[in-house]
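Notes for the one structure printed next.
Predicted model, so just to flag it, every value in this text is computed and none were measured.
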Number of protein chains: 2
Amino acid sequence: MDEIPDNCKVATTLDMIVGKWKIAIMLHLLHNGTMRFNELRKVMPSVTQKVLTSHLRELEEEGIIKRVTYPQVPPKVEYSMTKYGESLQMILDLMHDWGVSHLAQKQRQQSRQLFENDNG
Amino acid sequence: MDEIPDNCKVATTLDMIVGKWKIAIMLHLLHNGTMRFNELRKVMPSVTQKVLTSHLRELEEEGIIKRVTYPQVPPKVEYSMTKYGESLQMILDLMHDWGVSHLAQKQRQQSRQLFENDNG
DNA sequence: CGGAATCCTCTATGATACTG
DNA sequence: CAGTATCATAGAGGATTCCG
């Protein structure tokens with residue numbers, strides 16, 4: 001993203017967490033600690049293997065999650081948040097809170113419009 | 001987004017601010033107060049009219065920005081953040097700060113890798 | 001089990017031209 | 001000035017198959 005004032009780095013953070021399932025992945029890892037590939041698939045049945053893999057790779061690339069492979073057959077791979085990745089939780093929490101109040105606000109807006117249509 | 005624990009509403013907020021130019025639009029409005037359509041175009045020359053319009057409509061739809069049209073020829077339309085939209089600034093600031101430190105962290109990672117390649 | 005490879009679809013964005 | 005209308009395109013995501 002260009003043409004943003006003051007050398008803004010909002011987009012840097014945004015790019016880390018944008019991706020259809022990245023938030024879900026991070027929240028599951030934050031909640032469960034360590035998870036194997038198929039455990040992630042089980043809690044997110046709608047994600048395809050390909051997308052899950054690519055999201056995990058990208059999060060790993062940014063240092064947000066850690067990937068540990070155990071050289072055995074069948075393979076075993078464990079994912080977890082890094083300390084660094086955990087520092088994102090503050091932002092996620094804030095976004096969650098704002099989202100909740102936003103939904104409440106929209107509710108109020110819609111009620112008001114209904115009222116005005118009925119009584120205006 | 002589904003399959004997220006605890007009825008999470010992170011995605012609600014994310015959906016508001018995802019869009020190639022939405023962050024830029026919000027930051028310009030936060031910085032300048034009120035701006036006309038073509039003023040926004042001038043500070044963001046890479047955005048096409050169509051995309052700028054659709055982003056503005058979506059932000060307005062969510063109550064984040066306010067659109068005021070003056071019924072005159074030639075038309076005059078002014079955009080500004082709503083009080084409500086301004087409550088997002090906290091999140092944007094936090095994301096900016098995280099982005100800055102993330103870039104610093106990546107720098108360090110890359111330096112370390114160079115060092116290890118030279119001296120390992 | 002945890003992928004990689006291939007092919008496909010759909011949506012966000014862009015280019016361009018026109019208008020009240 | 002502030003849009004709308006059309007058409008085009010890249011890339012994110014999805015479906016399916018195969019593999020060590």
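- Checked by distance alone, B/K50 brings a side-chain donor or acceptor within 3.5 Å of a matching partner on the base of C/dG14.
- Checking D/dA2, C/dG2, C/dT13 against the side-chain heavy atoms of B/K20 singles out C/dT13 as nearest.
- D/dG14 atom P lies 6 Å from atom CH2 of A/W21, rounded to whole Å.
- Under a 4.0 Å N-O distance rule, the pair A/K83/A/E86 qualifies as a salt bridge.
- Residue A/H55 has no polar side-chain atom (N or O) positioned under 4.0 Å from OP1 or OP2 of D/dA12.
- A/Y79 has a side-chain polar atom (N or O) that falls below the 4.0 Å cut-off from OP1 or OP2 of C/dG3.
- Picking from D/dT4, C/dG14, C/dG2 the nucleotide with the shortest atom distance to the side chain of A/Q49 gives C/dG2.
- Considering only side-chain N and O atoms, B/R57 lies under 4.0 angstrom from the phosphate OP1 or OP2 of D/dT4.
- Side-chain proximity of A/P75 to the nucleotides C/dG14, D/dG20, D/dG3 is greatest for D/dG20.
- At C/dG3, one or more side-chain N or O atoms of A/R67 fall inside 4.0 Å of OP1 or OP2 (strictly under the cut-off).
- Note on A/L14: it clusters hydrophobically with B/W98, by side-chain heavy-atom contacts below 4.5 Å among ILVMFWY residues.
- Taking 4.0 angstrom as the limit, B/R41 places none of its side-chain polar atoms (N or O) nearer than this to OP1 or OP2 of D/dC1.
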